Each structure stands twice: as structure tokens, then as C-alpha cells.
Amino acid sequence: MKGFEKYRKMYFLPPEDCFDWAKKDSIDTAPIWCSVDLRDGNQALIEPMNLEEKLKFYQMLVAIGFKHIEVGFPAASETEYQFLRAIIERNMIPKDVTVQVLTQAREHIIKRTFEAIDGAPNVIVHVYNSTSVAQREQVFKKSKEEIKKIAVDGAQLVYDLSKQEKGNISFEYSPESFTGTEMDYALEVCNAVLDVWQPTPERKAIINLPSTVQYSMPHVFASQIEYFHKNLKYRDSVIISLHPHNDRGSGISDAELGLLAGADRIEGTLFGNGERTGNVDIVTLGMNMYSLGVDPGLNFHNMKEIRKTYEELTNMEVSMRQPYAGDLVFTAFSGSHQDAISKGMSCHAAGDDPYWTVPYLPIDPKDLGRTYDSDVIRINSQSGKGGVSYVLKQAYGIMLPDKMREEFGYLVKDVSDKEHSELDAKRIYNIFEETYHNISSTFHIPEVHFRQHDGMEATVTITTPDATDIVTANGNGRLDAVSKAIKKHFHITYELTEYTEHALSRGSSSKALAYVGITAHEKLIWGVGMDEDIIKASINALTAAINRAGLKTLDKSLSTHNTK
């Protein structure tokens with residue numbers, strides 16, 4: 001691709017080797033989560049949320065379990081200011097929740113911010129200024145010392161004003177465009193800010209390291225974070241926070257490796273909303289931890305409702321393939337995948353293993369409020385026998401015999417292929433009914449009486465459009481006796497080769513489902529019967545199979561051996 005020559009590496013490596021993070025294989029505990037949806041995500045919307053919409057979004061964040069919530073940039077607009085005043089004056093800030101406000105390191109903006117937080121019980125005042133080479137040289141045209149002075153002066157003013165507040169005020173500083181800043185200089189600026197605040201283990205400060213623009217691969221970012229973790233002053237009194245963006249599509253990797261490198265806190269948004277390519281997606285991050293057996297401390301059990309509220313309030317759409325939240329992320333259309341999932345689910349249901357190990361499903365969809373029948377296996381022309389039979393079992397309790405699955409699977413695939421559409425459970429059930437149960441009948445059997453005589457004797461009433469006849473025959477069982485009566489009456493022959501039954505429901509009015517397979521001309525033909533009486537269900541299945549085959553076809557059959 002032409003044009004690559006005008007680009008070069010824009011990031012800075014730490015001045016020392018920092019690769020301890022690579023020796024770790026997992027994140028053991030959840031970080032402190034900070035939602036920045038109401039500021040970073042909101043400012044990225046074509047139509048920013050109004051006051052009532054922000055209030056509803058805020059309440060959702062509280063319900064999910066966020067303890068740090070950035071509520072906006074109160075000096076930036078009247079809506080931002082009024083929103084903060086609303087949640088303070090309406091007592092909407094729980095005791096265990098800390099709201100966060102953002103301000104540039106500029107005197108009039110800091111003072112306006114402190115006006116907005118008056119009366120809030122717990123607040124993080126987040127002050128920032130840009131430190132990168134590009135910003136220093138192109139935007140501000142200031143030296144390193146001048147840029148550091150902006151940060152220190154801002155930190156001092158925040159410190160001084162905080163003494164006038166009754167609430168619990170915490171401090172946060174961000175060297176904006178951190179990833180484009182020399183690491184030793186970024187460290188120098190952050191340490192200078194900390195010298196002003198003098199944090200203690202009881203009153204910690206937050207140093208937030210934003211990848212305002214992603215310039216490097218994730219392992220470089222991890223080494224940058226580890227450098228800070230090892231060299232930041234007052235380390236036991238500082239919370240290292242990350243604010244990864246997603247310009248290179250590696251926001252999740254940056255955050256995960258950054259946590260391995262020593263970070264304590266993550267700022268991000270639901271579903272990765274934010275300027276340009278967005279911020280790190282806290283939903284994915286949290287669920288990644290969950291899938292490894294780590295409690296993320298956030299509640300996404302009602303994922304569909306969270307997604308619905310998010311889409312309504314932001315007018316953004318969550319992709320069908322968005323990890324954990326998308327419509328299709330647990331869905332298998334492929335026949336081999338469906339078969340593996342179906343077998344895995346059966347093993348999980350029958351086994352004693354407490355751990356989730358179902359193929360193709362990294363977590364149990366039920367943990368997110370999803371259902372197996374409508375979310376996991378869906379049927380189209382790419383599906384297989386395992387998926388089709390799984391849908392029938394989950395939706396209707398129908399357990400197809402093994403030898404019947406392939407035939408019915410191909411039948412359903414053919415319908416989907418011809419219609420160029422996905423088939424839902426109801427449509428699949430209708431195909432099953434029309435094919436095997438509700439058959440256009442040449443004959444039916446309304447009544448049968450049995451008695452023990454020379455094995456089992458059956459007196460069978462056979463009704464055709466022209467007449468009703470009573471036929472008696474003996475067999476080695478009830479169904480065999482009925483089968484012989486039918487053969488005797490119509491002068492036909494076939495092999496009764498397959499029989500399966502199962503309960504379709506429970507209780508006093510439970511129904512049984514019977515499957516009968518007859519063989520004629522080496523072709524297996526299935527019929528299905530349903531009744532509260534298993535014998536009636538079996539007879540109905542046999543008549544359905546014979547009617548499917550056709551009396552004329554069976555009359556010409558060469559096979560006379562009866563195996564039932």
C-alpha cells in the first residue's frame with residue numbers, strides 16, 4: 001500500500017528494561033473501574049445526552065456496580081454543570097460511589113469546577129494537561145519546563161481549593177497524550193504533581209496514564225506502565241490508572257497487559273464508546289476476567305437490558321459481533337459447531353464437573369441472560385443435524401432418534417436453502433409435524449383391543465375413505481400384532497425396524513412421543529405419533545410411517561422379514 005513511507009514510530013520506550021509483566025499469565029483481581037461514559041462517551045455522540053438521559057445512564061452505571069463514575073466536564077457546558085448539581089441536590093450519589101469531574105489545568109476552569117462539586121460527599125477532581133512532543137511543539141509551543149509548570153500550578157490550585165470543601169476530595173492527574181511523551185519526562189511531571197499533593201496510604205492520589213492516541217503495540221505500552229510502576233514516587237500512596245483508547249484496535253490488550261504491568265485502575269466506557277475509535281470497552285474487559293474465574297466486581301447478568309438502555313440513550317448500535325453483548329456472539333450456524341455445542345451441553349448437564357467446558361462457548365450464555373434455544377444454536381442452510389435436533393429438544397422437548405436426525409437435518413437445510421432464510425424453532429417444529437406426524441392418511445386406526453392369546457392378539461379397527469373393517473392378528477407384542485393386522489388387511493409387506501419413545505411432558509396429563517421406522521426397498525421411512533397413551537402413540541407413529549411410504553409402494557416390497 002503506497003504512502004507508508006511518511007509514517008514512523010511515534011512512541012518512546014522506557015529508559016530501562018521493563019518486562020516483568022510478561023512473566024504473569026493472568027489478572028488475579030479486578031481493578032478499580034471508572035466509567036467515563038458520561039463525559040468521554042457523551043462528548044463523542046452526534047447528539048449529546050440531555051439532562052434526563054444522563055440521569056438515566058448514571059443510574060444504570062450505579063446499578064452495574066461502578067464505584068468511580070466520571071460525571072462530566074462541568075465547566076464545559078451548562079448541561080454538564082446542571083447534571084452534576086442535579087445528582088448532588090437530589091441525593092443520588094450512594095455512599096460507596098465517588099463521582100469524578102474533569103478539568104484542564106487552567107485557573108478559571110478549575111474554579112468553576114469547584115463551584116459545581118459543592119456539597120458532593122465524595123469527589124475525584126481530575127486535572128490534566130498535554131505533555132507530548134507533538135503537543136508541546138505544535139500546539140502550545142512551550143518548553144518542557146513550561147509544560148511542567150502548568151501541571152504543577154494546576155495541582156496546587158486544586159489542592160488549595162479542596163481545603164475549602166466539606167466533602168471528601170481526591171486528586172487525579174493525567175499527562176494527556178502520555179503515549180507520545182518521553183517516558184522519563186512524563187515521570188518527572190507526574191512526580192512533580194505528587195510532590196504538591198503529598199499523598200499518603202490513607203489519602204491516595206491517582207496518576208492516570210492515557211493512551212490518548214495508540215502509537216505502539218500493546219507490549220510496548222505494558223513496558224511503559226511497568227516503568228511508572230517501578231519508578232513513581234509515593235508508590236504505596238498512588239493509584240496508577242489507565243485510560244486506553246482504541247486507535248489501533250488494541251484497547252483491550254493495552255488494558256490487560258497494563259494491569260499485569262502494575263496498574264490498579266481502568267477508565268473506560270460501556271461497549272467502547274468515545275472519541276474517534278473509542279475508549280477501552282469495560283464490558284469486554286470485565287467479562288474477560290469473568291471467563292477466567294475472576295469476579296470483575298461489575299454485574300452484567302442482564303446484558304440485554306444494559307445494551308438496550310445504552311442504545312436508546314446514545315443512539316449508538318452495538319455490533320452483532322461485539323464480544324459478550326452482540327446478538328450473534330454465542331450463535332452457531334455451522335453444523336459441526338452446533339453438533340459439538342449440543343454434545344458439550346449434554347455432557348455439562350449430565351456431569352459433575354463444576355467448571356464450564358462446553359466447546360465454542362467461552363462462558364455460559366445464561367450468565368448474561370441469554371437463552372440456549374434462541375441465542376446459541378440457530379438454523380440456516382449451513383446448519384447440521386445436531387443443531388436442528390438441539391433446537392427441537394430445547395424448544396419443544398422432542399428428542400429425535402439418532403437415525404432420524406440426519407434425514408430431518410437435510411430436510412430443514414433444504415428448506416432454508418431454497419428460502420434463503422434462517423428458520424426459527426416454530427418453523428422447524430412445523431416442518432417436523434408436517435413431515436412425520438400430520439400426514440395425509442390413506443387409512444387410520446381409531447380403535448384396538450388386545451388380549452393374551454398365542455402371544456399377543458390385536459383386534460384392529462381400520463378405517464379408509466371407503467370402509468371400516470375389523471382385522472385380527474397375532475404378534476410377539478402389541479405393536480407387532482397391530483403391524484401384522486395392517487399387513488394382512490392391505491396385503492403389504494415391510495420391515496418394522498426402528499422404535500423409540502419418550503415422555504414429551506410431565507404430570508398427570510403428560511404426553512408420550514413415539515417414533516417408528518419401517519424399511520421398504522432398503523429405504524427407512526419414519527412416522528411419529530403423540531398421545532397420552534404410549535400404545536396409541538406407537539400405533540399412530542406406525543400408521544404415519546405407512547401412510548408416508550404409500551400402500552402401493554409397500555405392496556411391491558420384496559422384504560418380508562419382521563424384526564419387531
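The model shown is predicted, which means the values in this text are computed figures rather than measured ones.
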Kindly indicate whether the side chain of [X], heavy atoms from C-beta on, has any atom under 4.5 Å from the side chain of [Y].
X      : Y      : result
Thr103 : Val125 : yes
Ile150 : Lys142 : yes
Tyr11  : Thr179 : no
Leu209 : Phe221 : no
Phe271 : Thr314 : no
Thr29  : Val294 : no
Leu45  : Asn315 : no

side-chain hydrogen bond (donor to acceptor under 3.5 Å, both in side chains): which pairs involve [range], sequence neighbours left out?
range            : answer
residues 42-53   : Asp40-Gln43
residues 79-94   : Lys54-Glu80, Glu78-Gln82, Arg85-Glu89
residues 145-160 : Ser143-Glu146, Lys148-Glu188, Lys149-Asp153, Gln156-Asp160

Can you classify the ring geometry of Tyr360 versus His337 as parallel (below 30°), tilted (30 to 60°) or perpendicular (above 60°)?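 It falls in the parallel class, under 30°.
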
Fit a plane to each ring of Trp21 and Phe19, take the angle between them on a 0 to 90° scale, and name the class: parallel (under 30°), tilted (30 to 60°) or perpendicular (over 60°).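 The arrangement is tilted - the two ring planes meet at 30° to 60°.
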
Going through the distances and angles, do Val189 and Tyr173 end up as a side-chain contact (heavy atoms from CB on, under 4.5 Å)? CA-CA 10 Å; Val189 174; Tyr173 172 70; 3.3 Å; yes

For a side-chain contact (heavy atoms from CB on, under 4.5 Å) check, start with the C-alpha distance between Ile32 and Lys67, then their side-chain angles and the critical distance, and finish with the verdict. CA-CA 8 Å; Ile32 300 167; Lys67 302 306 178 187; 5.9 Å; no

Straight-line distance of [X] [atom1] to [Y] [atom2], nearest 0.5 Å:
X      : Y      : atom1 : atom2 : answer
Ser130 : Ile147 : OG    : CD1   : 7.0 Å
Phe66  : Asp96  : CZ    : CG    : 13.5 Å
Ile87  : Ile69  : CD1   : CD1   : 8.0 Å
Glu70  : Glu267 : CD    : CD    : 6.0 Å
Thr269 : Leu61  : OG1   : CG    : 10.0 Å
Ile64  : Asn302 : CD1   : CG    : 9.5 Å

Examine the side chains of [X] and [Y] and answer whether a donor and an acceptor come within less than 3.5 Å of each other.
X      : Y      : value
Tyr58  : Asp37  : no
Tyr234 : Asp195 : yes
Ser250 : Gln214 : yes
Ser174 : Asn208 : yes
His68  : Gln100 : no

Would you confirm whether [X], through its side chain, and [Y], through its main-chain N or O, come within 3.5 Å as a donor-acceptor pair?
X      : Y      : result
Arg248 : Ser216 : yes
Trp197 : Val158 : no
Arg112 : Ala75  : no
Ser291 : Ile363 : no
Asn168 : Asn122 : no
Thr212 : Ser177 : yes
Arg203 : Ile169 : yes

Electrostatic pair Glu182:Arg136 at N-O distance under 4.0 angstrom: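 Judged by the 4.0 Å cut-off on N to carboxylate O distance, Glu182 and Arg136 do form a salt bridge.
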
Which residues pass the ring-ring contact (aromatic ring centres under 6.0 Å, His included) test with Phe228, not counting sequence neighbours?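 ring-ring contact (aromatic ring centres under 6.0 Å, His included) list for Phe228, sorted by chain: Phe178.
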
Heavy-atom count around Met320 CE within 6.0 Å, excluding the residue itself: above 12?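 Not buried by this count: 12 neighbours or fewer within 6.0 Å.
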
Do you know which of Thr284, Asp295, Leu259 makes side chain to side chain contact (heavy atoms under 4.5 Å, CB included) with Met289?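 So the option named by the test is Leu259.
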
Taking all non-hydrogen atoms of both residues, which atom of [X] and which atom of [Y] are closest, and how far apart?
X      : Y      : value
Ala192 : Val152 : CB-CG2, 3.7 Å
Ile88  : Ala116 : CD1-O, 3.5 Å
Tyr390 : Ser342 : CD1-OG, 3.5 Å

Just to verify, what does Lys23 make a salt bridge (charged side-chain N to carboxylate O under 4.0 Å, His left out) with, not counting sequence neighbours?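 For Lys23, the residues satisfying salt bridge (charged side-chain N to carboxylate O under 4.0 Å, His left out) (neighbours in sequence not counted) are Asp20.
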
For the residue pair Arg370 and Tyr324, would you count it as a cation-pi contact if the rule is NZ or CZ under 6.0 angstrom from the ring centre and within 45 degrees of the ring axis?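 Arg370 over Tyr324 ring: no.
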
Partners passing side-chain contact (heavy atoms from CB on, under 4.5 Å) against Asp424 (at least two apart in sequence or in another chain):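 Asp424 satisfies side-chain contact (heavy atoms from CB on, under 4.5 Å) with Lys426, Arg427 once adjacent residues are dropped.
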
